[in-house]
Amino acid sequence: MIEHFSLDGKRIPFQPGQTIMDAAMQAGEYIPHLCHNPEFRPRGSCRLCVVRANGRSVAACTSPAREGLEVESDTPDIQADRRSLLQMLFVEGNHLCPACEKSGNCQLQAVAYYCGMLAPDFTHLYPVRELDGSHPDFVLDFNRCILCELCVRASRDADAKGVFGISGRGIGAHLIVNAPSGKLGDTDFDPHDRAAQVCPVGAILPKHKGYDVPIGRRIYDRKPVSLVGDVADHQEDMS
Amino acid sequence: MADTSKGIDELETAQDTARLKRVAIEPLTRVEGHGKVTLLLDEDNRVQQARLHIVEFRGFEKFIQGRPYWELPVTVQRLCGICPVSHHLGAAKAVDQIVGVDALTPTAEKVRRLMHLGQTLQSHALHFFHLSSPDLLFGYDDAVAHRNIVGVLADHPDIAKQGVLLRKFGQEVIRITAGKRIHGTAAVPGGVNKAVSPQERDELLPQADQIIEWAQGALELAKRILFEDLESARSFAAIDTNMLSLVRADGALDLYHGGLRALDPAGQPIFDHVDYRQYGDYIHEQVKPWSYMKFPFIRSLGPDAGAYRVGPLARVNTCDLIDTPLAENARQEFRAFADNGLVQSTLAYHWARMIELLHCAEGIKILLDDPEIMGHELRVSGQMRDHGIGVIEAPRGTLFHHYEVDEDGLVTRANLIVSTTNNNRAMNRSIRRVAVDHFDGREVTEPLLNRIEIAIRAYDPCLSCATHALGKMPLEVELLDAEGQRVSRLYKNSKGEVGLPDREPTPRGCYIGD
């Protein structure tokens with residue numbers, strides 16, 4: 001017998017072992033997320049997918065579905081919390097959409113639109129971070145990294161290379177490259193790596209291509225992220 | 001040619017400012033960006049010093065360092081909300097060179113040219129109708145509350161409506177070529193990322209004849225206003241200067257591409273058909289301690305004699321012809337006004353601007369009729385280079401974008417000389433001319449102050465674009481006691497070194513001993 005839980009009043013079927021997020025995605029129901037990609041082991045770090053399950057706040061991407069669970073996601077208070085989380089992501093880095101080549105193809109921007117985040121209420125930290133242009137085909141813009149660890153997991157688990165890692169703690173946490181020089185150009189990172197295709201923001205960018213796809217024809221220009229899905233699913237539309 | 005500089009150049013810096021009365025026009029109204037004018041008057045209300053200051057600060061040259069070259073055309077256009085297309089295309093021309101491209105496909109070049117004509121049309125319409133026509137239609141002394149575009153709408157609804165619709169058409173041309181009305185992304189290294197679709201072309205082409213007709217009307221209006229009181233219009237803020245612009249190989253007006261031509265006040269060439277990539281051999285910039293904006297000059301003539309003007313007045317003066325028939329007729333009439341010498345009247349900027357408006361309207365129709373704007377060959381590529389220089393004629397004048405990149409494709413150095421910066425020295429001289437002619441000994445009134453603003457508006461300055469260097473602005477700080485006596489003084493020079501004015505600067509710190 002197929003088991004079910006409810007998500008905002010809808011009956012969602014699930015298989016044993018599936019998380020709330022897995023089952024919701026399979027049923028075509030959108031729960032906002034940035035660090036989740038079903039190809040990789042859930043990390044639960046961005047906290048955008050936090051839902052209320054039987055009154056308790058849990059990350060949908062790491063919490064197993066259970067029969068009869070009553071899950072709330074699209075409620076005013078949970079959406080407000082998501083907006084606050086998004087605002088913190090925006091002010092921690094340098095996310096300047098008007099001057100970012102990923103605009104329209106950016107999942108952070110798309111989720112922010114979906115959740116109704118208009119502008120940050122917090123003070124911008126404006127960190128000073130340099131770009132790494134050492135690789136012949138890719139540039140790293142650390143200004144836009146949101147520490148989702150998708151590149152870390154993809155490089156380790158899918159590419160078996162371990163090119164990326166996170167170093168530091170708390171507000172000091174930052175993306176690093178696994179080379180003595182710390183430069184991407186000194187690794188075996190390759191444009192065909194899965195890690196080159198999963199970044200939800202404008203941190204890992206192919207060189208020389210920035211505006212090849214005109215504004216207006218980008219993946220989130222016409223439909224919201226809830227219908228279009230993740231950046232990682234649309235690599236063919238990105239170049 | 002009369003020396004109109006007599007008596008005004010010494011007004012840049014007064015000898016002794018201690019007893020002078022300060023009058024500031026701040027903020028300047030109906031111009032782009034934030035600026036102010038300060039006047040120092042003596043006890044008899046004689047002007048001893050007059051300066052145009054740009055009080056805002058942008059810093060683009062600095063903060064694009066370390067950024068990838070391919071994002072420059074989109075990033076740097078954020079300098080401005082009025083002529084972003086000019087920065088977009090100026091930067092695109094520079095990054096074309098960085099990717100080793102010296103010639104675009106016909107489709108790419110025509111789409112970019114169409115975008116630029118749309119841009120110049122909308123900017124000229126905005127400037128003439130929205131910003132300047134209230135002064136010109138109602139007179140310098142009209143009531144402040146009435147002397148604006150709302151007043152024009154009330155008294156001359158047809159003129160105001162045409163101005164709004166001319167601008168709208170230009171914005172629509174930008175939308176179909178750049179992808180957005182403001183801050184588009186179409187110009188990419190080596191070409192464009194979209195052509196014009198037949199549907200987009202069909203939206204605009206039926207309006208083209210009406211736009212040409214309105215542009216003719218605007219030109220007639222600008223002329224009528226100028227000729228109504230010709231003598232005062234001719235002498236108002238008049239200065240004799242060199243003029244600089246791009247011209248096409250055959251000498252024609254070309255807003256998108258060409259060689260640099262500079263003429264002296266008598267109309268004789270200083271240099272001609274110079275490859276703009278050599279601009280550094282011909283143009284230098286001077287920094288003055290009292291302004292955020294640099295002062296460019298023609299190198300062979302030196303900082304003072306080498307001052308020049310750019311923009312519509314310069315372009316219509318320097319070119320030998322205009323390749324659209326109605327605008328060419330207007331150009332010939334314009335040059336005949338000065339017996340085929342250079343027209344130097346500052347208020348003739350408006351006349352020249354409307355000649356260009358007509359040229360843009362005609363040029364847009366020609367390009368909309370050209371099937372190549374709908375072509376499919378959009379981009380070419382070449383061997384990467386370590387620098388690129390793009391120069392274009394923005395609505396307000398010649399615009400230089402110069403970038404150097406490292407082997408990773410990241411910007412290491414940038415130099416932007418924007419149109420308003422080119423006119424800095426001339427604008428300062430024009431306001432001094434107004435100060436000498438209209439202020440001396442008279443009680444300062446609002447209409448008098450508005451005359452200063454009218455002189456500045458004639459140039460159509462974009463003050464926000466004009467200040468962009470970071471960390472190089474010379475600065476002087478004075479500490480005064482309660483009686484206004486100077487207690488100490490400290491300054492920073494253009495290298496960022498700090499010191500007392502009578503000692504050598506030190507890069508490490510400053511003297512605060514006294």
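Note on naming: letters A, B, ... go to the chains in the order of the sequence lines (proteins, then strands), and numbering restarts at 1 for each one. It should be emphasised that the depicted structure is a prediction, and the values quoted were computed from it without experimental measurement.
Chain B is approached within less than 4.5 Å, heavy atom to heavy atom, by no residue from residues 36-48 of chain A.
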Anything under 3.5 Å between chain A and chain B that's a donor-acceptor pair? List each one with its distance, please.
| from | atom 1 | to | atom 2 | distance (Å) |
| --- | --- | --- | --- | --- |
| E101(A) | OE1 | W70(B) | NE1 | 2.7 |
| D141(A) | OD2 | R67(B) | NH1 | 3.0 |
| D141(A) | OD2 | R67(B) | NH2 | 2.7 |
| K207(A) | NZ | D408(B) | O | 3.0 |
| H208(A) | ND1 | Y69(B) | OH | 2.6 |
| Y211(A) | O | N193(B) | ND2 | 2.7 |
| D212(A) | OD1 | R379(B) | NH1 | 2.5 |
| D212(A) | OD2 | R379(B) | NH1 | 3.4 |

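Applying the 6.0 Å contact sphere to OH of Y113(A) captures no more than 12 heavy atoms from other residues, nucleotides or ligands.
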